[in-house]
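Keep in mind that the numbers below use all heavy atoms, side chains included, and drop hydrogens, waters and symmetry copies.
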Amino acid sequence: MSGAIARHWRRKPLLIASRPLRWALYGGALVYLAVAVSSVHVNWLRLYDGLPRGWRFVQGFLAPNFLARWEDILIGFQESLTMTVTATAVGILLAIPVGLGAARNISPLPVYLVCRFIIAAARALQEIIVAILFVAMFGFGPFAGFLTLSFTTIGFLAKLLAEDIEDIDEAQAEAIRATGAGWWQLVNYAIQPQVMPRLIGIGLYRIDINFRESAVIGIVGAGGIGATLNTAMERYEYDSAAAILMVIIAIVMLCEYGSGHIRRRLL
Amino acid sequence: MLRIEGLSKRYRAGVPVLRGITLEVPAGQVVGVIGPSGAGKSTLIRCINRLVEPTTGRVSLKDIDITALSRRRLRQARRRIGMIFQEFALVERLSVMENVLSGRLGYVPFWRSFTRRFPQADIEAAFALLDRVGLSDFADQRADALSGGQRQRVGIARALEQNPDMLLVDEPTASLDPRTARQIMRLIREICEERGLLALINIHDVLLAQQFVQRIVGLRGGEIVFDGPPAGLNEAALTRIYGEEDWTAMRRAADDAPETGEERSEERMAGLI
Amino acid sequence: MPVPAGAGRPVWQHRSTRARLAGWFGWLMFVALFVLCWQVMTKDTIWSFVLDAPQQAADIGSRMVPPRWSYLDRLWWPLWDTLNIATLGTLLGTVIAVPVAFLAAGNTTPSRLALRPLALLVIASSRSINSLIWALLLVTIIGPGVLAGIVAIGFRSIGFVGKLLYEAIEEIDAGAVEAIEATGASRWQVIDYAIVPQILPAFAGIAVFRWDINVREATVLGLVGAGGIGLQLQASLNVLAWPQVTMIFLLILATVVLSELISAKVRHAII
């Protein structure tokens with residue numbers, strides 16, 4: 001309540017109010033950066049050697065070669081796409097019961113814990129690591145890839161579905177409960193209408209992710225275009241590699257455009 | 001008839017919301033429950049169909065002890081208790097007809113409700129009800145396309161589709177403009193008379209309550225502090241329910257503008273709480 | 001939908017006959033597609049291997065325990081590399097992503113016809129290609145090692161950060177921008193005073209979120225030679241040293257869980 005009008009103004013710090021702490025954090029970040037950067041060993045000679053290869057890759061993008069390996073490319077994409085479709089379908093189908101079970105507002109505690117555990121297990125492991133394990137168990141080929149993608153789809157979708165169900169408008173569920181509806185009727189009349197649009201949205205998004213992943217897990221032998229890509233890169237056939245990458249990008253963009261279109265129509 | 005005996009509710013580690021409510025309502029009576037926010041109005045009616053589990057006490061409807069029922073029996077009991085909600089609580093992405101038919105969920109097996117193949121009688125009843133509430137042209141509209149008053153009419157139709165013995169009505173007009181609020185209250189009152197329904201209506205607008213109910217129960221701090229006919233709601237009673245306030249001013253304002261001053265009832269209501 | 005007016009018993013159908021037929025047809029097509037895909041996918045599958053899987057799993061499982069704890073000593077340095085790949089990669093990615101996002105956002109782009117589609121293409125390409133594939137490519141160009149990992153993570157992050165950031169920019173309150181413009185501010189001043197304050201929390205959240213994902217991805221980049229703990233994983237897998245593999249998995253799991261916790265905490269603090 002001082003009468004004098006303040007004459008100095010300083011911008012209020014954005015995140016951390018305490019001055020010493022702020023400087024300590026800045027200092028720490030700077031030290032870390034210096035240490036981290038200096039611990040990166042760069043072989044400049046190798047880098048220099050690689051430059052022409054980089055240039056060749058850029059050229060490969062300008063003149064992609066679809067023909068040299070077109071049979072491998074065809075089989076690779078066939079595997080990737082079929083894997084994507086089957087794994088997404090199976091994953092969604094299995095994710096729905098798990099997601100229902102993992103929503104605290106409609107499931108009893110034991111079921112909730114089991115379903116949450118499944119989700120945590122499916123999400124904790126990298127796709128690649130899951131693929132390594134499945135390849136070791138089921139042998140090389142797209143079947144292992146299908147299992148990998150289904151498994152990770154369950155974790156992803158069930159978690160989002162459960163969160164959605166926990167976020168629903170409780171009043172609508174209460175109204176349906178008050179009519180004397182059973183659990184299945186509650187799910188069908190109060191939960192499903194509320195979460196369906198987003199479930200479809202997430203499912204479409206997952207198709208997209210699964211396709212992108214299907215292009216990677218081939219590197220560890222789980223089928224798909226990744227194996228073809230790996231071979232092309234290892235042999236420095238950048239024109240073929242560029243062709244494969246361009247097809248991947250095109251399919252992903254197509255998926256995104258298509259799913260965006262469907263989502264707009266649904267909402 | 002509805003009988004409530006010694007009903008108490010205490011949420012985990014909190015002050016009790018209801019303390020020993022005892023109330024008896026004969027069949028066909030329309031009761032308005034008034035009281036300040038947090039008095040326990042909403043908990044009271046939810047304890048009757050056990051959307052909220054009471055801590056102690058008994059609720060019985062037509063000599064069935066609802067508080068003692070198993071889950072399955074409870075669902076059967078809920079079929080006969082229609083409920084109307086403050087924010088309408090329609091399932092917004094379902095059509096009006098589906099919302100009304102959801103009143104039959106307790107009666108039909110899951111496969112019928114899942115495939116939307118309700119018995120013909122239910123469908124006829126639903127059309128009749130939509131006609132009664134003046135929405136027969138809206139059957140296939142999605143619920144979120146309707147206005148507030150229309151939504152509450154759908155909510156009423158859903159409750160009646162249950163063919164209830166009793167209506168629980170939770171602040172039916174709180175989300176509506178004064179004119180629509182009056183229409184909705186009138187509709188509820190008429191329907192109760194037509195069907196001889198017992199109804200418990202939570203309402204915070206005292207004037208609206210006085211106009212449309214037969215008996216008023218005043219709640220404060222989880223206890224009944226007034227129980228009597230609307231005419232008996234004098235200044236002393238209002239002070240008991242809501243605390244000190246200039247009630248004569250409110251009444252004068254009400255008398256000044258009886259029918260046309262409806263728009264101001266929201267303001268008056270604000271003065272009460 | 002058939003709702004006959006007037007006399008007669010009212011009929012109500014959830015869907016019209018045509019819509020119902022279309023629905024059935026859609027499901028039929030979907031099942032057919034699934035069966036077709038399944039058959040194409042499994043035509044070379046050796047089912048005896050699949051049936052054998054439980055045995056294989058038990059076999060591998062028995063080899064995997066107990067983990068070789070002593071191996072942990074040789075994992076700390078690769079773990080440090082992995083964290084550096086994630087952090088420096090995120091930094092590289094965000095530094096590039098910020099200008100790209102401003103070029104891609106409809107309300108800030110200087111040129112709707114030329115620069116915006118270009119920026120969107122950069123974002124889409126970066127997003128379509130997994131960091132492991134970027135690593136595969138970069139290892140052949142700049143040689144195996146941590147640098148390839150950092151650049152791979154950085155390239156992949158451009159698309160992610162760029163997309164979320166440009167969407168955040170497009171969602172800002174245009175009124176504030178107008179108000180600042182009305183004071184006679186220059187383009188950069190408008191960005192500084194009207195846009196940056198609105199997107200800063202979102203930006204910080206996105207960057208931390210991506211860092212968390214990057215830690216996850218950096219753990220396996222070594223499989224293609226791009227440095228970090230994945231190198232050890234690859235080496236152990238090659239010699240079928242399962243107890244070491246278990247040890248690496250455990251360490252990766254701990255790192256991932258920890259980074260997710262940190263990122264969740266930081267994002268919570270920001271928002």
Side-chain angles (χ1 to χ4, degrees), chain A residues 14-15 32-33 36-37 39-43 46-47 49-51 53-54 57 78-79 81-86 89-90 124-129 132-134 136-139 141-143 145-146 212-213 215-216 219-220 223 226 229-230 233-234 236 238 241 245 248-253 256, chain C residues 30 33-34 36-42 44-46 49-50 52-54 56-57 60 80-81 83-84 87-88 91 124-125 127-133 136-147 150 200 204 216-217 219-220 223-224 227 230 233 237 245 249 252-253 256-257 269-270:
Chain A
L14 276 173
L15 287 177
Y32 165 76
L33 258 182
V37 169
S39 81
V40 175
H41 299 289
V42 181
N43 184 344
R46 175 68 183 77
L47 197 63
D49 277 350
L51 285 181
R53 283 204 206 116
F57 178 72
Q78 199 181 52
E79 284 182 359
L81 285 172
T82 51
M83 237 154 61
T84 306
V85 171
T86 49
V90 170
L125 296 171
Q126 263 274 325
E127 274 96 346
I128 294 288
I129 292 176
I132 291 172
L133 289 175
F134 277 137
M137 285 184 232
F138 292 87
F143 190 75
F146 156 75
R212 274 185 272 166
E213 292 299 331
V216 177
I219 294 173
V220 294
L229 188 63
N230 201 1
M233 297 265 202
E234 273 171 358
Y236 303 119
Y238 290 124
L245 290 180
I248 293 178
I249 295 173
I251 293 179
V252 170
M253 285 175 90
E256 261 186 19
Chain C
F30 174 73
L33 178 71
F34 180 85
L36 180 78
C37 285
W38 179 265
Q39 274 173 344
V40 171
M41 182 186 78
T42 56
D44 293 327
T45 303
I46 302 161
F49 282 4
V50 174
D52 197 28
Q56 289 290 331
I60 295 170
W80 164 253
D81 277 348
L83 291 176
N84 284 343
T87 312
L88 298 179
L91 217 59
S125 314
R127 267 163 51 74
S128 307
I129 300 172
N130 195 292
S131 55
L132 204 63
I133 296 180
L136 201 63
L137 177 68
L138 288 162
V139 163
T140 66
I141 293 174
I142 55 183
V146 174
L147 185 64
I150 293 172
L200 205 59
R216 217 171 240 267
E217 301 204 332
T219 55
V220 292
L223 288 175
V224 295
L233 181 61
L237 279 172
V245 172
F249 281 177
I252 289 180
L253 204 65
V256 166
V257 169
I270 296 170

Does the side chain of [Y] come within less than 4.5 Å of [X]'s, by heavy atoms?
{"X": "A:Phe146", "Y": "C:Thr42", "answer": "no"}
{"X": "A:Phe57", "Y": "C:Thr140", "answer": "no"}
{"X": "C:Val245", "Y": "A:Ile132", "answer": "no"}

Looking only at non-hydrogen atoms, find the nearest pair between [X] and [Y] and report the distance.
{"X": "C:Ser128", "Y": "A:Ile248", "value": "O-CG2, 3.9 Å"}
{"X": "C:Leu137", "Y": "A:Tyr238", "value": "CD1-CE2, 4.1 Å"}
{"X": "A:Ala36", "Y": "C:Asn84", "value": "CB-OD1, 3.4 Å"}

Quick one: of A:Arg53, A:Arg46, A:Glu79, A:Met83, who has the most non-hydrogen atom pairs under 4.5 Å with chain C?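 Looking at each of A:Arg53, A:Arg46, A:Glu79, A:Met83 in turn, A:Arg46 comes out on top.
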Below 4.5 Å, heavy-atom pairs only: which of A:Gly141, A:Gly139, A:Ser39 has the largest tally toward chain C?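 Highest number of heavy-atom pairs under 4.5 Å: A:Ser39.
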Where on [X] is there a heavy atom nearer than 4.5 Å to chain A: the side chain, the backbone, both, or neither?
{"X": "C:Glu217", "result": "both"}
{"X": "C:Val220", "result": "side chain"}
{"X": "C:Ile133", "result": "both"}
{"X": "C:Leu233", "result": "side chain"}
{"X": "C:Leu147", "result": "both"}
{"X": "C:Ser125", "result": "both"}
{"X": "C:Ser131", "result": "neither"}

Just to verify, what does A:Glu256 make a side chain to side chain donor-acceptor pair (under 3.5 Å) with, not counting sequence neighbours? C:Arg127
Quick one: list whatever passes side-chain contact (heavy atoms from CB on, under 4.5 Å) with A:Thr82, sequence neighbours left out.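 A:Thr82 satisfies side-chain contact (heavy atoms from CB on, under 4.5 Å) with C:Cys37, C:Val40, C:Met41 once adjacent residues are dropped.
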